[in-house]
Amino acid sequence: MREFSQLLDGLVYTRSRNAKLKLIADYLRETPDPDRGWAMAALTGALDLPGVKGSAIRALVDERIDPVLFAMSYDFVGDLAETVALLWPKPEGMPPEIDTGALRLSAVIDRLMTLGRSEAPRALAGMLDQLNAAGRFALLKLATGGLRVGVSARLAKTALAQAFGLEVDQVEEVWHGLRPPYLPLFAWGEGAGAQPTPADVPVFRPFMLAHPLEDLRVDLSDYAAEWKWDGIRVQLVHVGGQTRLYSRAGDDITGSFPDVAAAFDRAGVLDGELLVKGEAQGGGIEHEGAASFNALQQRLGRKNVSAKMQADFPAFVRLYDILFDGAEDLRELAWTGRRARLERFAADLDPHRFDLSALIEADDFDALEEMRAGARDASIEGVMLKRRDSPYVAGRRAGLWYKWKRDPLTADCVMMYAQRGHGKRSSYYSDYTFGCWTAPPEEGGELLPVGKAYFGFTDEELKWLDHFVRNHTVERFGPVREVEKSLVLEVAFDSIHASKRHKSGLAMRFPRIARIRRDKPAQEADLIATLQRMVS
């Protein structure tokens, strides 16, 4: 555990991407199997220890730590694992850290994996007793699956590739065909084994991504245009009688959409947008109706999806591209060739679960620009431009694909609550809940929350906002503070939808702080009715 805790400690306090890569790469080269494999599983979110939950840790805290002291400390620190790690009292006579084989990373995981929810917390407490503060922090983060050390799964895989001189796309190709602690992967990296192959295993292939169009204008004779749909990008893989759905991050989401997986029964690999059926909005855009992202959210992240949920929110995939037709790799073909193959492939699929993303017919770029400006369909984010001769390549390659998102909507809202952030922001109030008026305040209107945002501002603006929160607090609720309703924030968002889950009846898509309106009185912030007119 000592080496793993040192790795996490270094990652928490390192902001440079290259420095993080070096820390992980050095750890992977110097750490033996199977510890390094379990560390990779933890860093990439592939480790699940179901016996330990946050509620169980809070129960241990209640037994060991004064509740007033814990509440005050948690309010300041803002992170459960860090607070417990700092306050955990060692039994009398216990040395600072017992460095035994029983506390190797792999041994800890093996132990916790074999225990149920009634036994695991006691075992966890015994391990905490044997560790110093850094070790306790690492153990708690490991056990709860919430590392939050500024490392994405892609960055961790990039570090592994750099550690052993591999291509990161090759690592991605075989990653989902392997299981922790990834012994064949490390054997390959060290030259002690053959390269694992994805044969007969439905593995993930890295997506082709797009650059923002910004101020560039392109010739539509060189580029095809299609709508950018507002769902989640997915990859459908069927091989060896198995089907998997992968998200853009490479997460297996098959369990959340078993109906879509069951319908994809042809060998191949497709790229598309996962959507939920809804009413078409019109606006001159011809397509089968797709509901807003808010409808899709009802199913995201669910491990078990009931028949009623599947019926109420029927999912389907709007197809963009084809990577494999059977065992034939089509990624080197030009987009025009792949599009023709995709049309033939899609013709044999269930039309209730799969359709093609239609091409936009526009005479020139000016006409396309006009069509994009008028596209306020609930399920459309903007326009994609794809070079007609482009192969399907992993990542972003200049000049091949562009995304041209529609301009964001904005509203003037009033800050209502602030919450501490996580990781390097744990000492700042950086998550802001904001609201709009039910009626003009002079007519007795009240503020109702309409969204929450935690990005869009600079480091200097974060310091100013944190200072405002601390000096304008009217009530405290643990890590959350209610503030005086006097600060206006201009909030940008991609779209807004009706929602029964929120008191205001509204839910914003991708809200972010566009400006701090210190010049504007809170009484002049927008009304709920103004936002309701923006609902798409």
Side-chain angles (χ1 to χ4, degrees), residues 169 172-178 196-209 224 226-227 229 231-277 287-290 296 299-300 305 307 310-311 313-359 379 384 386 390-394 401:
D169 289 344
E172 285 276 24
E173 286 261 331
V174 301
W175 182 263
H176 290 280
L178 303 173
T197 64
D200 299 324
V201 178
V203 300
F204 169 76
R205 275 88 176 181
F207 281 98
M208 184 168 180
L209 305 175
E226 59 184 283
W227 295 113
W229 301 98
I232 63 166
R233 187 98 174 266
V234 293
Q235 187 175 112
L236 295 137
V237 186
H238 183 91
V239 64
Q242 302 178 68
T243 298
R244 294 286 184 274
L245 268 69
Y246 292 111
S247 71
R248 177 171 156 170
D251 297 322
D252 186 341
I253 59 170
T254 313
S256 298
F257 300 93
D259 42 354
V260 175
F264 187 59
D265 55 3
R266 255 192 89 184
V269 180
L270 304 183
D271 176 350
E273 196 82 6
L274 186 65
L275 300 159
V276 163
K277 290 183 182 291
H287 65 90
E288 183 175 353
L296 181 61
R299 292 187 58 172
L300 287 176
V305 183
Q310 293 180 42
F313 301 97
F316 72 105
V317 178
R318 184 148 288 157
L319 301 172
Y320 291 146
D321 216 317
I322 183 167
L323 287 70
F324 282 75
D325 186 345
E328 185 183 359
D329 189 343
L330 305 180
R331 288 175 291 181
E332 290 300 318
L333 285 182
W335 174 87
T336 50
R338 295 197 313 278
R339 176 72 187 196
R341 294 289 293 269
L342 176 64
E343 290 174 359
R344 291 201 295 271
F345 191 101
D348 293 328
L349 297 177
D350 181 352
H352 297 293
R353 295 294 178 187
F354 306 97
D355 67 16
L356 283 169
S357 181
L359 302 180
S379 57
M384 290 293 297
K386 300 178 179 179
S390 64
Y392 192 101
V393 292
W401 285 11

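In this chain, numbering begins with 1 at the start of the sequence shown.
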Student: Which atom names give the shortest non-hydrogen contact between Ser357 and Glu226, and what distance separates them?
Tutor: OG-OE1, 2.9 Å
Student: Is Arg299 paired with Asp259 through a side-chain N to carboxylate O contact shorter than 4.0 Å?
Tutor: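 A salt bridge is present here (some side-chain N lies under 4.0 Å from a carboxylate O).
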Student: Using every non-hydrogen atom in the two residues, find where Thr243 and Ala261 come nearest and quote the distance to one decimal.
Tutor: CG2-O, 3.6 Å
Student: Compare all side-chain heavy atoms of Val234 with those of Val260 and state whether any distance is below 4.5 angstrom.
Tutor: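 A side-chain contact under 4.5 Å is absent here.
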Student: I'd like to know if the side chain of Arg318 reaches the main chain of Gly272, judged simply by a donor and an acceptor atom lying under 3.5 Å from each other, with no hydrogens or angles considered.
Tutor: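 No: the side chain of Arg318 does not pair with the backbone of Gly272.
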Student: Please round to the nearest 0.5 Å and tell me the distance separating atom CH2 of Trp227 and atom CD of Glu273.
Tutor: 14.5 Å
Student: How close do Leu274 and Leu296 get, counting heavy atoms only, and between which atoms?
Tutor: O-CD2, 3.4 Å
Student: I'd like to know if the side chain of Gln242 and the backbone of Pro202 have a donor-acceptor N/O pair within less than 3.5 Å.
Tutor: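 Side chain of Gln242 to backbone of Pro202, a donor-acceptor pair under 3.5 Å: no, none is there.
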Student: In chain order, what residues pass the side chain to side chain donor-acceptor pair (under 3.5 Å) check against Ser390, with sequence neighbours excluded?
Tutor: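 Ser390 satisfies side chain to side chain donor-acceptor pair (under 3.5 Å) with Trp401 only.
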Student: Apply side chain to side chain contact (heavy atoms under 4.5 Å, CB included) to the pair Asp321 and Met208, showing each step before the final yes or no.
Tutor: CA-CA 10 Å; Asp321 216 317; Met208 184 168 180; 5.8 Å; no
Student: Is the backbone N or O of Phe345 less than 3.5 Å from a side-chain atom of Arg266, with the two atoms forming a donor-acceptor pair by type?
Tutor: yes
Student: Quick check on side chain to side chain donor-acceptor pair (under 3.5 Å): which of Arg248, Gln235, Arg338, Arg233 does Asp271 satisfy it with?
Tutor: Arg233
Student: State which residues pass ring pair (Phe, Tyr, Trp, His ring centres under 6.0 Å) with Phe207; sequence neighbours excluded, sorted by chain then number.
Tutor: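 Partners of Phe207 under the ring pair (Phe, Tyr, Trp, His ring centres under 6.0 Å) test: Phe204.
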Student: Is the closest side-chain heavy-atom distance between Leu342 and Leu270 below 4.5 Å?
Tutor: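 Counting from C-beta outward, Leu342 and Leu270 do come under 4.5 Å.
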Student: Could you report the tightest heavy-atom contact between Val305 and Ser256, atom names first, then the distance?
Tutor: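 Closest approach of Val305 to Ser256: CG2-O, 3.2 Å.
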Student: One pair to check against side chain to side chain contact (heavy atoms under 4.5 Å, CB included): Asp355 and Phe316. What are the steps and the verdict?
Tutor: CA-CA 8 Å; Asp355 67 16; Phe316 72 105; 3.7 Å; yes
Student: Would Ile253 and Ile232 count as a side chain to side chain contact (heavy atoms under 4.5 Å, CB included) here? Give the steps.
Tutor: CA-CA 11 Å; Ile253 59 170; Ile232 63 166; 3.8 Å; yes
Student: Indicate yes or no: at least one non-hydrogen side-chain atom of Pro258 is less than 4.5 angstrom from one of Gln310.
Tutor: yes
Student: Identify the heavy atoms of Glu173 and Arg331 that sit nearest to each other, and give their distance.
Tutor: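 Shortest heavy-atom separation between Glu173 and Arg331 comes out as OE2-NH1, 2.7 Å.
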Student: For a side chain to side chain contact (heavy atoms under 4.5 Å, CB included) check, start with the C-alpha distance between Leu319 and Leu236, then their side-chain angles and the critical distance, and finish with the verdict.
Tutor: CA-CA 10 Å; Leu319 301 172; Leu236 295 137; 4.0 Å; yes
Student: Would you say that Arg339 contacts Lys386 through its side chain, given a criterion of any heavy-atom pair below 4.5 Å between the two side chains?
Tutor: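 Arg339 does not reach Lys386 side chain to side chain.
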Student: Evaluate salt bridge (Lys or Arg N to Asp or Glu O under 4.0 Å) for Arg205 paired with Asp329, printing each intermediate quantity in order.
Tutor: CA-CA 11 Å; Arg205 275 88 176 181; Asp329 189 343; over 6 Å; no
Student: Taking the side chain as C-beta and beyond, is there a heavy-atom pair between Met384 and Tyr320 under 4.5 Å?
Tutor: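 Met384 does not reach Tyr320 side chain to side chain.
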Student: Identify the heavy atoms of Val174 and Pro196 that sit nearest to each other, and give their distance.
Tutor: CG1-O, 3.1 Å
Student: Tell me, do Asp325 and Arg344 make a side-chain contact under 4.5 Å, heavy atoms counted?
Tutor: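 Asp325 does not reach Arg344 side chain to side chain.
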Student: So, using side chain to side chain donor-acceptor pair (under 3.5 Å) as the criterion, who are the partners of Glu172 when residues are at least two apart?
Tutor: Arg154, Lys157
